[in-house]
Protein chains: 2
Amino acid sequence: MMKQTQAKTKAKDICKELGLKLTPQRMAILAYLDGNTAHPSAEDIYGAVSRRFPGMSLATVYNTLASLRDKGKLLELTIDPAKKRYDPDTRPHHHLICLDCSRVSDIDHVFDLDVPDSLGYEITGNHIEFYGYCPQCKDKDTAPRLAPGRGHTKER
Amino acid sequence: MMKQTQAKTKAKDICKELGLKLTPQRMAILAYLDGNTAHPSAEDIYGAVSRRFPGMSLATVYNTLASLRDKGKLLELTIDPAKKRYDPDTRPHHHLICLDCSRVSDIDHVFDLDVPDSLGYEITGNHIEFYGYCPQCKDKDTAPRLAPGRGHTKER
DNA sequence: TTCATCATTTAGATTCATTCTAAATTGATA
DNA sequence: TATCAATTTAGAATGAATCTAAATGATGAA
């Protein structure tokens, strides 16, 4: 209950801070994203928000995600080869993807990633993708969905 | 000249090792990938190989890439949000992408990436994506193509 | 060498995520 | 309350990647 209200208050604050209009669709998307650690895709967000908000367009979800991303309020993750995943937590952190079910989890650890030779690039950021099998998947030995050819995958 | 021959020899060896038939299309794709550090996309590979090998199908490129990837001879990179990129160097290493021109370069440095809390996952691999601006792009201050909302991007 | 088999190639259709378009709507401000 | 620009919308369009089913061709056995 309180969470709902808090999320809506935050949603308003974010819109004001970014100079975005307070539309009900935006509020709903922002409220859904607030504190969300599931790294949802655009479809996930559309599915969840449009349930409570029938008639809204998927394009609105993409529009909103794009403006939040452009203004630095949302991270667009490329860790899942099938689709983009979104993370409202914009603090530096890393991710862990399950090669079986594609669940994405946060790794909140700071690593020392000084690059000895940056090849003349001006490096502005980094992100570590860890691959593996989540607690739910690591025991059921199903055929991996996106296992081979990724990162530095070792044999299990 | 010699390179051509070497690449073809290697291509044959790889096919034999993997139990794949030695088709001219496969040879050409493998020869193109051998020692290639440009991290080409499927389209890139198709464009290059079909120039010397007219009439070949893009589907063949995808088929070949999939079998090489499945057999561990090719890394499929998700670092470029626009398309998958391929790397014939399957040794553990990391990558650096230019946020302006999408060029991908190798980072051949070993980092200590021990995770204190793996959240119950069985971690099998990792990959670091570095973001930045390549030597060619870092001076021309064009509007970034895929800059915001990625990794831990700092202000320039 | 010839043949049969089965992997591979192929063109084209299909899928699916994402972006674009242009018209209708609506929030913010005067 | 009227205005205007931002936003939403449905649907079309794009583009990467996958799938299909038929044709082709590499390979191993005879």
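Just so we're on the same page: letters track the sequence lines, and every chain starts at 1.
The shortest distance between the side-chain N/O atoms of B:Gln25 and the OP1/OP2 oxygens of C:dT10 is below 4.0 Å. The phosphate of D:dT8 (OP1 or OP2) has a side-chain N or O of A:Arg26 nearer than 4.0 angstrom. For D:dT9, the OP1/OP2 oxygens have a side-chain nitrogen or oxygen of A:Thr60 closer than 4.0 Å.
Candidate nucleotides C:dT18, C:dG27, C:dT10 were compared by shortest atom distance to the side chain of A:Pro24, and C:dG27 ranks first. Distances from the side chain of A:Asn63 to the nucleotides D:dA26, C:dT10, D:dT9 place D:dT9 closest.
One atom, CE of B:Met56, and another, P of D:dG25, lie 14 Å apart when rounded to the nearest Å. Counting to the nearest Å, the P atom of C:dA17 and the OH atom of A:Tyr86 are 12 Å from each other. One interatomic measurement links the two molecules: CG of A:Leu58 to P of C:dC20, which rounds to 14 Å at whole-angstrom precision. Here the P atom of nucleotide D:dA16 and the CD1 atom of B:Ile45 are 13 Å apart, to the nearest Å. Across the protein-nucleic acid pair, A:Arg69 atom CZ and C:dT18 atom P stand 11 Å apart, rounded to whole Å. Following rounding to the nearest Å, B:Asp70 (CG) and D:dT18 (P) show an atom-to-atom distance of 10 Å. Computed from coordinates, the A:Tyr62 OH to D:dT9 P distance equals 15 Å when rounded to whole Å. Between the C1' atom of D:dT14 and the NZ atom of B:Lys83 lies a distance of 13 Å, rounded to the nearest Å.
Looking at heavy atoms from C-beta onward, B:Tyr133 lies out of side-chain contact with B:Ile97 at the 4.5 angstrom threshold. Between A:Ile79 and B:Thr78 the shortest side-chain heavy-atom distance does not fall below 4.5 Å. For the pair A:Leu65/A:Tyr86, a side-chain contact is recorded, criterion being any heavy-atom separation below 4.5 Å from C-beta on. Put simply, the side chain of B:Arg85 reaches to within 4.5 Å of the side chain of B:Ser102, judged on heavy atoms.
Of all heavy-atom pairs spanning A:Tyr32 and A:Pro40, the tightest one is CE2-CG, 4.2 Å.
Between B:His127 and B:His94, the two ring planes are parallel [angle under 30°; tilted spans 30° to 60°].
In the region residues 10-23 of chain B, proximity to DNA chain D at under 4.0 angstrom, judged on heavy atoms, holds for B:Lys21, B:Leu22.
Checked by atom type, the side-chain pair B:His39/B:Asp106 shows a donor-acceptor distance below 3.5 Å.
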